[in-house]
Undergrad: 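Here it is, the structure, as structure tokens.
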Amino acid sequence: MSQKIAQVIVDVPTMQTDKPFSYRIPEELADLIQIGMRVHVPFGRGNRLMQGFIVGFADEKESGGQELKSIAEVLDFDPVLNREQLTLADAMRETVFSYKISILKAMLPNLLNSSYDKILTTEDKAIAKQYFGAEQALHFSSLDESKQALMMKLHRDGKIAVQYVAQSKESIKTKKRLALADENKLKTLAIAVRAKKRLALQDFLQTQNQIGERAWDYTDLVKLYSRDVVKFFVSEGILTLSEVEVSRAQGYFDTIAPDEHKVLNSEQEAAYQAIISSQEKPFLLEGVTGSGKTEVYLQVIAHAISQGKTAIMLVPEISLTPLMTNRFIARFGEHVAIMHSGLSDGEKYDEWRKIKSGKAKVVVGARSAIFAPLHNIGAIIIDEEHETSYKQDSNPRYHARDVAIWRAKFHRAALVLGSATPSLETRARAQQNVYQLLHLTQRASAQAEIPEVEILDMRKHLNDKSASFSEVLLDKISEKIAKGEQVVLMLNRRGYSSFIMCRDCGFVPECPNCDISLTLHMDTKTLNCHYCGHTTGIPHTCPNCQSKKIRYYGSGTQKVEEELSELLPEARILRMDVDTTKKKGAHERILSSFGAGEADILLGTQMIAKGLDFPNVTLVGVINADTALNLPDFRSSERTFQLLTQVAGRAGRADKKGEVLIQTFNPDHYAIRLAQAHDYEGFYQLEMDFRRKLNYPPYFYTVQLVISHQDEEEVVKKSYEIMALLKGNLSEKARVLGPIPKPIARTHNLYHYQLLIKYRFEKNLEQALNQVLDLTQVPDNKKLRIIIDNEPQNFM
DNA sequence: AGCACGCCGACT
DNA sequence: GTCGGCGTGCTC
């Protein structure tokens, strides 16, 4: 009789291990084990325990071969991955050049991924005394590096035994509860008059029981009456103690008032009707800021729920503010689960469990929420569809939009891509009728006018006093503040940050590991590398010429804030950027403080462009519109247009008319001109022209390869080899560009070169790229690192 | 990833 | 001679 064996994907992300391994299922686990469960299995020569996923079962092969190892432990009572997710992972494997295990792990909350450690024990009394102290065993991970090396040595000498452990990090949070078990005994129990506390508790329990309360928190009662008194009631059998699992994110629904459907205007209604009546193809909902896209989303989701279905709502991480999530909670109450990066691992796990158990019907979250284990999905919505944050920029490099398309098809759900400035790819697909285009052209609130946008040519308005602010902008700011109105200033920090330079010799400190100048951080008084994290102090004298004339340059938000407070000493300034919003809740605190009028100026990066709506803001200034224009990326115009259009939409939402002032050195650039005119269609046409002429997306598909090695000559040589390999495998029509050094040619002590493949139809592409991956397996190329990025969004 | 095997140089 | 350095290959 042949016994079933389990196919396991193990947690070793390499090419050679990227396939299922077969394991014997111990008899006692045979009934428990299911596809999609996590297991611990012995792996490799040392039989160290690894986490793996059961992806299938097979009959034992007769081939004999070597003895199979057995599964050591099953980690779940129920599968953590369902069939849909496993099928999805298979599909993703073909377009996302990443290992299966990485894809599977991306679908789960981090808490469900095991951590690995070694436990050290010894028989040697002397060693025990010297290193172990009172401990029976040591955790390898808790030792410092030198101790770890020493222990390895002792292990080799046979003085120390090593045991491998893999541990599921999942720690279920529990709470002790006391329940009333014997009502009669509570009444009849005689307690000595001297035992005041016991009497008090008896009295408390009786009155509580009368109002229908039969269970209490253990800690609460202990706090009120002491542990001994509580224990007495337990030992008498009046109360029973138990542990219940609790969800960490409790009670955040209570404070939000429920909200009703709003009446849709005719355009919104038409869009809504179209979306709920057909699931044939995805929808592109194109609507200017303030046109009420969100209300359409809410009603589409409500419709799905009324059909007994569920929904996913994706928003960019940056706009996942309480303001936004509260709208969903107000509408759908406790049926909402929220997934964002601000949650701790434990909280993310709680939300995940809430979804998995079916308690949550609407999932609102950033990119990874697209993997939410919902059943019977009726609607998937991606807001701000053009945002690049939907593409993950580390492995697995998936695009949430692609996953959404797959899942929508699987569930026959409606898919809505919404944006005021759709990505060219999406807009072009709508043109081709692959997506159905729905337009919202009216601003939902009647009195809101589209703001006047003024472009200021910085070449003509150079200000001696300040590099960042023209006199025109400063005057406008002062004028608004004098009237008691508020100002939002945006600094386009992309590709732009502060640095220091020697005035005498022009020396700029660079990172020793990366070809990039170090960024100045005034709060910590250090120079940091944004790539590898290298940190040094700020030199007082130039390391090159010993001059003392070290100057600070650039316009980081900190720098601009300082400059601004010198120029306008009376203005109260709030700064909002990555540094000031790192802490949990800081984002909201800054916004609510600004909303309450505690500051005159809100100065920030891109993040202020998203979804803030303050009636008293009458001026929005863009300090440097064009820093992103000069980046070596074919999407730089598109990004600039999108950003400016978005910021321009921030002013004039309320009754006071808003003004927008854009400072730029490229006043005639079409991206800036057309953003000024709020002309998306014009921009789309013009940009499509460029893309067609230069064979860029959406006319061509792209794949980027990044080849890295410590030795520059080696990278160049290998890059040419890879280019030749690709050219040999692809058709004449495909173009392979490069190799060229990456814009930042060296980071982490590695040189990076890139190749870009542009193609339309290449049936051999996947196979050719897999060949490239196989190259890294050749011994000669062990130190070569190759990243394959399908449809890259970033070229930095 | 991490461990064993195996092939070389510097030492008791 | 052998201890230990790292390059190479394999993991059900």
Side-chain angles (χ1 to χ4, degrees), chain A residues 2-27 29-30 33 35 37-75 98-106 110 113-120 139-141 143 145-169 394-396 708-711 714 748 773-787:
Chain A
S2 82
Q3 206 199 334
K4 288 269 185 196
I5 56 172
Q7 312 238 265
V8 178
I9 300 280
V10 293
D11 186 9
V12 184
T14 64
M15 203 72 214
Q16 306 98 300
T17 51
D18 191 32
K19 58 175 182 195
F21 285 80
S22 300
Y23 281 88
R24 187 177 298 286
I25 304 169
E27 246 171 73
L29 297 178
I33 214 158
I35 287 179
M37 285 179 172
R38 297 170 304 144
V39 288
H40 282 157
V41 291
F43 193 72
R45 289 185 230 260
N47 278 333
R48 62 192 207 282
L49 287 180
M50 295 255 93
Q51 182 175 311
F53 292 95
I54 306 277
V55 293
F57 296 110
D59 288 318
E60 196 166 4
K61 293 232 171 68
E62 270 84 74
S63 58
Q66 82 279 40
E67 189 67 5
L68 295 182
K69 292 180 183 177
S70 288
I71 288 172
E73 186 183 2
V74 180
L75 302 176
S98 174
Y99 308 114
K100 189 75 164 277
I101 187 68
S102 317
I103 297 172
L104 295 176
K105 283 170 88 172
N110 193 26
N113 296 321
S114 294
S115 58
Y116 306 101
D117 204 355
K118 295 178 208 150
I119 290 186
L120 313 173
H139 285 261
F140 189 74
S141 63
L143 304 172
E145 237 170 85
S146 60
K147 273 264 175 64
Q148 287 185 347
L150 184 75
M151 289 296 157
M152 294 290 273
K153 215 170 223 169
L154 289 169
H155 172 231
R156 219 170 349 190
D157 298 343
K159 299 264 170 61
I160 277 183
V162 174
Q163 198 194 349
Y164 295 90
V165 285
Q167 221 161 10
S168 177
K169 280 186 274 189
S394 60
N395 282 331
S708 311
H709 195 277
Q710 282 188 6
D711 178 21
E714 191 71 12
H748 304 90
L773 276 186
D774 286 342
L775 265 185
T776 47
Q777 299 317 123
V778 181
D780 193 31
N781 295 333
K782 265 286 152 113
K783 285 185 177 163
L784 204 63
R785 228 187 52 192
I786 301 177
I787 294 169

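Below, chains carry the letters A, B, ... as their sequence lines are ordered, and counting in each starts from 1. The analysis underlying the following values was restricted to heavy atoms, covering all of them including side chains, and did not include hydrogens, waters or symmetry mates.
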Undergrad: Within the side chain of A/Tyr23, is there an N or O that forms a donor-acceptor pair under 3.5 Å with the backbone of A/Pro42?
TA: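 The answer is yes, because a donor-acceptor pair under 3.5 Å joins these two groups.
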Undergrad: Rounded to the nearest Å, what distance is computed from the NZ atom of residue A/Lys105 to the C1' atom of nucleotide B/dA1?
TA: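 Nearest whole value for this atom pair: 11 Å.
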Undergrad: Looking only at side-chain atoms of A/Thr17, point me to the closest of C/dC12, C/dG9, C/dT11.
TA: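 Closest nucleotide to the A/Thr17 side chain: C/dT11.
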Undergrad: Name each donor-acceptor pair under 3.5 Å that joins a side chain in residues 44-58 of chain A to protein atoms two or more places apart or in another chain, with its distance.
TA:
{"unit_1": "A/Asn47", "atom_1": "OD1", "unit_2": "A/Lys69", "atom_2": "NZ", "d": "2.4"}
{"unit_1": "A/Gln51", "atom_1": "OE1", "unit_2": "A/Ser114", "atom_2": "N", "d": "2.5"}
{"unit_1": "A/Gln51", "atom_1": "OE1", "unit_2": "A/Ser114", "atom_2": "OG", "d": "2.4"}
{"unit_1": "A/Gln51", "atom_1": "NE2", "unit_2": "A/Leu112", "atom_2": "O", "d": "3.3"}

Undergrad: Starting at atom CD of A/Gln16, determine the distance to atom P of C/dC12, rounded to an integer number of angstrom.
TA: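 Interatomic distance, CD of A/Gln16 to P of C/dC12: 14 Å.
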Undergrad: Take the protein atom CG of A/Leu49 and the nucleotide atom P of B/dG2, then report the distance between them rounded to whole Å.
TA: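 Rounding to the nearest Å, CG of A/Leu49 and P of B/dG2 are 14 Å apart.
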Undergrad: Please tell me which of the listed nucleotides, C/dC10, B/dA1, C/dT11, lies nearest to the side chain of A/Arg45?
TA: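 Side chain of A/Arg45 sits closest to C/dC10.
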Undergrad: Please report, rounded to the nearest Å, how far the P atom of B/dG2 is from the CE atom of A/Met15.
TA: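 So the CE-P distance, A/Met15 to B/dG2, works out to 20 Å.
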Undergrad: So, the side chain of A/Ser102 versus the backbone of A/Asn395: is there a donor-acceptor pair under 3.5 Å, distance only?
TA: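 Side chain of A/Ser102 to backbone of A/Asn395: no pair is present.
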Undergrad: Which whole-number value in Å describes the distance from A/Lys69 NZ to C/dC10 C1'?
TA: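 These atoms are roughly 11 Å apart.
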Undergrad: Would you kindly give the CZ-to-P distance between A/Arg48 and C/dC10, to the nearest whole Å?
TA: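 Going from CZ in A/Arg48 over to P in C/dC10 covers 16 Å.
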Undergrad: Would you indicate which nucleotide in B/dA1, C/dC10, C/dC12 comes nearest to any side-chain atom of A/Thr14?
TA: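 Among the listed nucleotides, the one closest to the side chain of A/Thr14 is B/dA1.
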Undergrad: What integer distance in Å separates A/Met50:CE from C/dC10:P?
TA: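 That distance rounds to 19 Å.
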Undergrad: Can you tell me how far P of B/dG2 sits from CZ of A/Phe43, to the nearest Å?
TA: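 Rounded to the whole Å, the gap is 12 Å.
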Undergrad: To the nearest 0.5 Å, what is the distance between CZ on A/Arg24 and CD1 on A/Ile71?
TA: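 The distance works out to 11.0 Å.
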